[in-house]
Number of protein chains: 2
Amino acid sequence: MRTLHADTGYLLYRLGLRSGQLFNTFLQESGLRLRHYAVLRYLATCEGALQRELSARLGYDPSAIVGLVDDLEKLGFAERRPAPDDRRSRIVVLTEDGRAFLRDTDQAGRRVTDELLTPLAPAERETLHTLLARVAGNGLA
Amino acid sequence: MRTLHADTGYLLYRLGLRSGQLFNTFLQESGLRLRHYAVLRYLATCEGALQRELSARLGYDPSAIVGLVDDLEKLGFAERRPAPDDRRSRIVVLTEDGRAFLRDTDQAGRRVTDELLTPLAPAERETLHTLLARVAGNGLA
DNA sequence: AACAACTGTTGACGACACCAATTATTGCGC
DNA sequence: GCGCAATAATTGGTGTCGTCAACAGTTGTT
């Protein structure tokens with residue numbers, strides 16, 4: 001009987017859990033969790049996003065986005081602005097504090113991935129990243 | 001600002017979630033979940049295991065193992081036997097039904113990983129698996 | 001004007017990780 | 001042998017999370 005470790009899908013599942021845990025412990029002191037961090041990082045790339053866009057791109061349920069943006073607003077890292085053309089929507093934008101937080105934690109964030117990929121040489125990490133990106137495909141990530 | 005997809009750790013986290021979801025939908029009709037399947041597959045390799053061993057090797061909390069083995073016993077896929085040398089421990093063994101279940105679902109299980117790795121050529125899948133196994137390291141997986 | 005579709009929001013439910021405490025048993029020091 | 005720390009399985013509680021249903025406000029269509 002072949003062992004479970006022989007299954008690439010299960011390896012991905014296991015390492016995904018470990019990676020998420022590492023990220024969360026890294027974010028623990030800031031009061032945020034990985035989900036908040038993902039939203040912040042996404043907002044930093046697009047200069048304002050609708051909540052439904054956050055939901056679609058990050059893969060979280062729309063109802064989850066509500067709470068995440070609430071938390072980020074409470075911390076002063078993001079804020080909701082009314083959408084000019086559609087009064088149903090609200091545009092979430094990064095505040096200066098939020099941008100500063102990303103700058104301050106960027107280095108520590110890289111260390112998390114470094115720690116996870118310790119067993120691999122730089123070239124191997126590059127290969128792994130390329131393959132994972134291919135698997136992630138066009139969709140979110 | 002670099003995008004979130006540029007982070008290998010986050011990619012792993014995301015793909016881990018997707019892989020787990022794929023496995024769970026594949027197992028949905030059988031009433032099991034990925035955690036149960038992991039226990040079954042492990043039991044198939046060792047011909048009987050203590051619950052603390054399952055906890056350590058699969059990375060689940062000991063309290064979680066209790067419920068998982070309960071479910072597997074209820075389905076007739078595994079059973080607890082008293083350990084001869086230590087009356088505290090109980091040895092969990094696969095039943096014939098459990099072994100048959102693994103045989104019947106083996107092919108479908110492979111399809112799950114195949115579906116996940118669709119974008120990759122066979123040689124690339126091999127490379128990915130090797131790298132992931134290296135990252136997983138000596139410990140569990 | 002009537003109606004379907006969409007956005008954000010709230011609420012509920014189950015699954016799950018994590019930790020503390022308990023019971024039964026074992027092994028160790030004395 | 002006796003006392004005591006350590007261990008295996010179990011129970012329970014807490015917080016997080018994914019998923020779905022329902023809702024109000026708004027938009028677009030016809």
Side-chain angles (χ1 to χ4, degrees), chain A residues 13-28 30-39 48-74 78-93 140, chain B residues 13-28 30-39 48-74 78-93 140:
Chain A
Y13 163 73
R14 268 279 145 215
L15 291 177
L17 281 185
R18 191 191 293 184
S19 179
Q21 288 169 355
L22 276 179
F23 265 110
N24 275 325
T25 55
F26 142 62
L27 289 168
Q28 195 169 1
S30 68
L32 296 179
R33 272 152 308 181
L34 179 50
R35 307 155 62 86
H36 302 94
Y37 191 65
V39 172
L50 303 178
Q51 296 187 203
R52 62 165 184 78
E53 184 182 351
L54 292 173
S55 169
R57 298 299 284 269
L58 298 176
Y60 299 133
D61 192 84
S63 61
I65 302 290
V66 177
L68 293 177
V69 178
D70 283 350
D71 295 340
L72 294 178
E73 265 192 331
K74 231 165 279 172
E79 59 182 24
R80 287 182 239 239
R81 293 180 186 166
D85 56 333
D86 189 337
R87 274 195 295 179
R88 289 172 300 182
S89 309
R90 330 198 38 186
I91 299 182
V92 186
V93 295
L140 45 116
Chain B
Y13 162 72
R14 268 281 146 213
L15 291 177
L17 281 185
R18 191 190 295 182
S19 180
Q21 288 169 355
L22 277 179
F23 265 110
N24 276 324
T25 55
F26 142 62
L27 289 168
Q28 195 169 0
S30 68
L32 296 179
R33 272 153 312 187
L34 178 50
R35 308 156 59 87
H36 301 95
Y37 191 64
V39 172
L50 304 177
Q51 296 188 202
R52 61 163 185 79
E53 182 182 354
L54 291 174
S55 169
R57 300 298 284 268
L58 297 176
Y60 299 134
D61 192 84
S63 61
I65 302 290
V66 177
L68 292 177
V69 178
D70 282 350
D71 295 340
L72 293 178
E73 264 192 334
K74 232 165 278 172
E79 59 183 25
R80 287 181 239 240
R81 292 181 187 165
D85 55 332
D86 188 337
R87 274 194 295 176
R88 291 171 300 179
S89 308
R90 329 195 40 183
I91 298 181
V92 186
V93 294
L140 45 117

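Residue numbering restarts at 1 for every chain, and letters A, B, ... go by the order of the sequence lines. Please read these numbers as outputs of a predicted model, since none were measured by experiment. FYI, side chains are in, hydrogens and waters are out, and symmetry mates aren't considered; it's all heavy atoms of this structure.
- At whole-Å resolution of the value, CG in B/Asp61 and P in D/dA8 are 13 Å apart.
- Taking the side-chain contact (heavy atoms from CB on, under 4.5 Å) definition, one finds that B/Ser63 meets it with B/Asp61, sequence neighbours left out.
- Summarising the geometry of B/Tyr60 relative to B/Ser55, their closest heavy-atom pair is O-OG, 2.7 Å, with the distance given to 0.1 Å.
- Considering only residues two or more places apart in sequence or on other chains, B/Arg81 meets the side chain to side chain donor-acceptor pair (under 3.5 Å) condition with B/Glu79.
- Residues meeting the side-chain contact (heavy atoms from CB on, under 4.5 Å) test with B/Leu50, sequence neighbours left out: B/Arg52, B/Glu53, B/Ser89, B/Ile91.
- Residues that satisfy the side-chain contact (heavy atoms from CB on, under 4.5 Å) test with A/Arg33, not counting sequence neighbours, are A/Asn24, A/His36, A/Asp71.
- A close approach under 4.0 Å does not occur between any side-chain nitrogen or oxygen of B/Arg90 and OP1 or OP2 of D/dT7.
- Counting non-hydrogen atoms under 4.0 angstrom, A/Ser63 reaches a base of the nucleic acid.
- A/Arg33 has a side-chain polar atom (N or O) that falls below the 4.0 Å cut-off from OP1 or OP2 of D/dC17.
- For A/Ala78, the side-chain contact (heavy atoms from CB on, under 4.5 Å) partners at least two apart in sequence or on another chain are A/Leu43, A/Leu72, A/Val92.
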Write out a two-atom table: protein N or O, nucleotide N or O from nucleotides 26-30 of chain D, distance below 3.5 Å.
residue	atom	partner	partner atom	Å
D/dT26	O2	A/Arg88	NH1	3.4
D/dT27	OP1	A/Arg87	N	3.2

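- Not a single ring pair (Phe, Tyr, Trp, His ring centres under 6.0 Å) links B/Phe23 to another residue, sequence neighbours left out.
- Partners of B/Arg87 under the side chain to side chain donor-acceptor pair (under 3.5 Å) rule, at least two apart in sequence or in another chain, do not exist in this structure.
- Remark on DNA chain C: of its neighbouring residues A/Leu50 and B/Leu34, the 5'-side contact belongs to A/Leu50, judged by nearest-heavy-atom nucleotide.
- Protein chain B contacts DNA chain C from C/dA15 to C/dT26, reading 5' to 3' and using non-hydrogen atoms of the protein with a distance under 4.0 Å.
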